[in-house]
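Just so you know, these numbers come straight off a predicted model, no measurement behind them. Letters A, B, ... mirror the listed sequences (proteins, then strands); counts begin at 1.
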Amino acid sequence: MKEIPKAYDSVLEKNIYEKWEKSGYFSPEKVEEYLNEKNFEIKKPFVISLPPPNANGVLHLGNTCGYSFHDLLGRFYRMRGYPTLLLPGKDHAGIQTETVFVKILREKGNEKKDLGREKFYKQCYEFCINAAENARNEEKRTGLSADWNREFFTLDPKLTSTVYSTFEKMFKEKLVYRGKRIINFCTNCSTALADIDTTHEHRRGIFAYIRYPFVDKKLGKGIVVATTRPETMLGDTAVAVHPDDKRYKKFVGEKILIPIANREIPIIADRSVDMELGGGAVKVTPAHSPIDFEIGLKHNLEVLNVIDEKGLMTGPIPKKYVGMETIACSKELVKDLDEMGLLEKIEKIDHEVVICERCDTAIQPMVSYQWFVDTKPLAKKALSILEKKETEVLPRGQMKSLQNFYEQIEPWCISRQLWWGHRIPIWYKGGKKKYDESLENPEQKVETEAIFSIESPGEGYEQETDVFDTWFSSGQWPFSTLQNGKTGDFEKYYPTDVMIHGRDILFWWSARMIMLGLYRTGNTPFSKVFVTGMILAPDGSKMSKSRDNTVSPQSIIEKYGADALRLWYYTDSLAGANAPLREEKIKGNRFFVNKIWNASRFVLMNIDDKSIDEVKKYLGKNNFEGEWVKHTKEFEKEIENYVLDYKFHLAAERIREFFWHIFCDEWIEKVKKDATSENLALLVYILKRTLKTMHPFIPFITESVWQELVKLSLAEEMLIIRQKEVV
RNA sequence: GGGCGACUAGCUCAGUUGGAUAGAGCAUCACAUCGACACUGUGAAGGUCAUAGGUUCGAAUCCUAUGUCGCCCACCA
């Protein structure tokens, strides 16, 4: 057996993967066929919809972390007689991909708008399909035993038809509507964003105290309002004070003048005003502040848009300021006010700013017409599913977070002003503008309507230009893929068993999948959500391109092998805890993988040409017993229970302990002193059982060793399909 | 402001329903030196389980406060 190399080389992993792929066992039908042939019981299918990574680039450590768990479960069930389907895909990732692709175009000297919508879409589609190839290879490199014949791209026309029919149903049932609300607008990405697509950040800012004079000079010098965004004063339509505020009570109902803009606005009373803050009076700009928008609704205030979608000043304001950027305008106003003696003071403050999730640009709150999903009734049903435990979230703390999210859910803005995505299938009679105007003035009878249609409904209709929020389509992933795949897939494989992803997308994704899954199929899309921890940079900070601290899964796999990386995930990536990358640990895991290789090598090297027949004879009898066998079977049971309990970290720890410190350090050492054919056969027997137990966790090394056994006719088939019942 | 979670060895974390001397990996130290594996073996050191109370025969584990640190949600002008 001298030809067995001394160290396990993880480069071999590629060959092993090819072997699996060729076998066809990634397909549940093929597994069924096998079970049939061998007369094994065929259990109910085990199914996971794999989270589709962005098609536009490379995988990150978070993607491969999830796959390690998906694949572990998939292999575990496949080896136990469950036809197993891990359904892969790629996500079009709306804003992100559009941004990436626009940049690529620009590098080639092309502009998005010059290409035009259709060409842009087509080229971006091609770009994604090509990039997906890359991502797919990386997925394979982690050992993911997915059924590649069923892979879907989220913009595949088949999936689009499902997304459209969901929208149609919602449209008919009035669960989606076109509404005028204050939304988050990212001036850099040029699109509206849902609340959840934004994040908060501490930034330095100013707090300016500005005096608004009374219209009736007899009342006094006026009221001082404080603001972090002076430029919005041009869009003020009221000044609000607290109704119990003794200082201002008497002015409620009076008129006040916005300086510079020279507009008269009312003084109103509202309980939401904080008497302590900034002098107790607040300027109200319904068009550009969410809280002011609410106040505006309550008091029936006018909404005056003074900032446009590029972040420039606009509207009925003094000409001087039109077209200025907001910050420049703010500075100019402050200067002008100071000259007029109306600027009381400016404080420098540190405050929370809402920024775009994707590009960190400060969000411009804006009032505009968008498409919204009325999420409340959907969330209510989702909540009851959680209460009935039809879907369980692990760990429990995440379950509470999800409940909390559903309880406080707000309407979901699903329209995005992009080209890359599913174009919203709505046509406006007489044009979009006319339709929105009709919403503005419902009392006026105007000949217009918005109708659902995929194709043009005829003359005089204008097509909606917006696309859906990416999550509106990925929220339908578990059923859209199964409804549009092979005939019968949906009936056979839906609902799926478990959803596994990182903590960061629980609300974006699982929350939406549960709501939309229930809405379209009546069933929760999965009975369990397993939330993994977040992979962080070694120093505990987030990995991000801007910080230049990203580590690619590929670089880790090249260095240590996929098995070593997987083992690390099982122990360190537990939800609740973050997982700063620890290369030393992954390295330690590689040592373990090598240990398995060498232990096996030792056993095989001791079986020479003379003894091999005897060993086979003992194996054939298959009547091993004693302490070691008993212990091995207990170990198998333990691992099985840990997996069923989702205690992967305990399983991984136990595997190492058993194989290294019991099998190697004790048992092999003993056999060394008494290497009879019978004892060697016993070791082979235990090794085979143990390889099977370990396979779902570390598929490559275990299959590699198994194939060495096959070469000597000490084992058969492939470990990937080898059933639990047979050794 | 609301929610969730964490605090255990130098570091990253385990520790199931409360039960004997609190564990692992990595790092450290000593010894062994190529005989499956130096990607090794044997052994050692290392902890008032954040703090203070309480429940209990018994608490890292349950309860109550306190502190520190994360994360998420939220309209503080």
Side-chain angles (χ1 to χ4, degrees), chain A residues 1 4-9 182 195-196 198-200 205 207-209 225-230 232-233 236 239-240 270 272-274 276-285 288-295 349 351-352 354 365 395-405 407-410 503-504 506-507 533-534 536 538 540 542 560-561 564 567-568 571-606 641-642 645 647 649-650 652-654 656-657 660-661 664-665 668-669 671-672:
Chain A
M1 310 308 132
I4 302 177
K6 215 169 163 180
Y8 173 69
D9 187 348
I182 189 144
D195 289 344
I196 201 171
T198 65
T199 180
H200 296 235
F207 205 32
Y209 291 73
V225 296
T227 178
T228 53
R229 300 187 55 199
T232 60
M233 67 183 277
D236 284 355
V239 164
D270 195 280
S272 67
V273 176
D274 184 343
E276 306 296 314
L277 196 71
V282 56
K283 57 193 265 330
V284 184
T285 324
H288 301 292
S289 155
I291 183 170
D292 292 4
F293 183 74
E294 290 303 318
I295 295 176
I349 56 161
H351 65 151
E352 287 258 301
V354 183
R396 311 256 353 201
Q398 298 298 314
M399 172 84 133
K400 287 185 195 160
S401 295
L402 187 57
Q403 281 172 329
N404 202 258
F405 172 78
E407 278 158 13
Q408 328 187 346
I409 202 158
E410 290 292 320
R503 198 175 52 219
D504 53 337
L506 181 64
F507 301 150
M534 300 301 299
L536 304 174
K542 263 191 192 163
Y560 307 109
L567 267 179
W568 175 66
T571 45
D572 270 24
S573 170
L574 291 165
N578 290 325
L581 183 64
R582 295 277 166 238
E583 271 198 64
E584 325 87 71
K585 280 190 172 187
I586 299 173
K587 195 169 151 195
N589 288 332
R590 187 182 59 156
F591 295 167
F592 175 57
V593 169
N594 189 57
K595 185 81 183 176
I596 297 174
W597 180 255
N598 275 294
S600 313
R601 181 164 164 262
F602 171 79
V603 175
L604 296 183
M605 281 173 69
N606 274 279
N641 287 337
Y642 282 143
D645 261 0
K647 309 259 180 188
H649 58 294
L650 295 179
E653 200 171 290
R654 184 79 181 98
R656 172 191 273 267
E657 149 77 17
W660 200 321
H661 301 298
C664 294
D665 295 347
I668 287 186
E669 290 305 316
V671 171
K672 264 185 194 169

Could you work out the separation of [N] and [M] based on their [atom1] atoms and round it to a whole Å?
{"N": "B/G15", "M": "B/G53", "atom1": "P", "answer": "28 Å"}
{"N": "B/A38", "M": "B/A45", "atom1": "C1'", "answer": "23 Å"}
{"N": "B/G47", "M": "B/U8", "atom1": "C1'", "answer": "7 Å"}

Query raised in the report: Between A/R582 and A/D572, is there a salt bridge with N-O shorter than 4.0 Å?
Result: no

Query raised in the report: Would you call A/E669-A/K672 a salt bridge at under 4.0 Å N-O?
Result: yes

Calculate the interatomic distance between [X] atom [atom1] and [N] atom [atom2]; express it in whole Å.
{"X": "A/K400", "N": "B/G5", "atom1": "NZ", "atom2": "C1'", "value": "10 Å"}
{"X": "A/R503", "N": "B/G70", "atom1": "CZ", "atom2": "P", "value": "14 Å"}
{"X": "A/M534", "N": "B/U12", "atom1": "CE", "atom2": "P", "value": "18 Å"}
{"X": "A/D572", "N": "B/A14", "atom1": "CG", "atom2": "P", "value": "8 Å"}

Report task. Treat primed atoms plus P, OP1 and OP2 as sugar-phosphate and everything else as base, then score nucleotides 26-42 of chain B 5' to 3': B for base contact with protein heavy atoms under 4.0 Å, S for sugar-phosphate contact only, - for none. Result -> S---------BB-BSSS

Report summary line: Pairing string of RNA chain B (Watson-Crick or G-U wobble, both atom distances under 3.5 Å; | = paired to other strand) is (((((((..((((.....[...)))).(((((.......))))).....(((((..]....))))))))))))....

Query raised in the report: Is any side-chain heavy atom of A/I295 less than 4.5 Å from a side-chain heavy atom of A/S272?
Result: yes

When you compare the protein's N or O atoms with those of nucleotides 74-77 of chain B, which come within less than 3.5 Å of each other, and at what distance?
residue, atom, partner, partner atom, Å
B/A74, N6, A/E352, OE1, 3.1
B/A77, N6, A/D274, O, 2.7
B/A77, N6, A/L277, O, 2.8
B/A77, N1, A/D274, N, 3.1

Report task. Check whether any side-chain N or O of A/N598 sits under 3.5 Å from a backbone N or O of A/N594 as a donor-acceptor pair, and report yes or no. Result -> yes

Report summary line: Across all chains, not counting sequence neighbours, the side chain to side chain donor-acceptor pair (under 3.5 Å) partners of A/Y642 are none

Report task. Tell me, please, which residues at least two apart from A/K400 pass side chain to side chain donor-acceptor pair (under 3.5 Å). Result -> none

Report, one pair per line, the protein and nucleotides 15-21 of chain B atoms (nitrogen or oxygen only) whose separation is under 3.5 Å.
none

Requested in this report: Using a heavy-atom cut-off of under 4.0 Å over every strand shown, decide if A/F507 touches base, sugar-phosphate, or nothing.
Outcome: sugar-phosphate

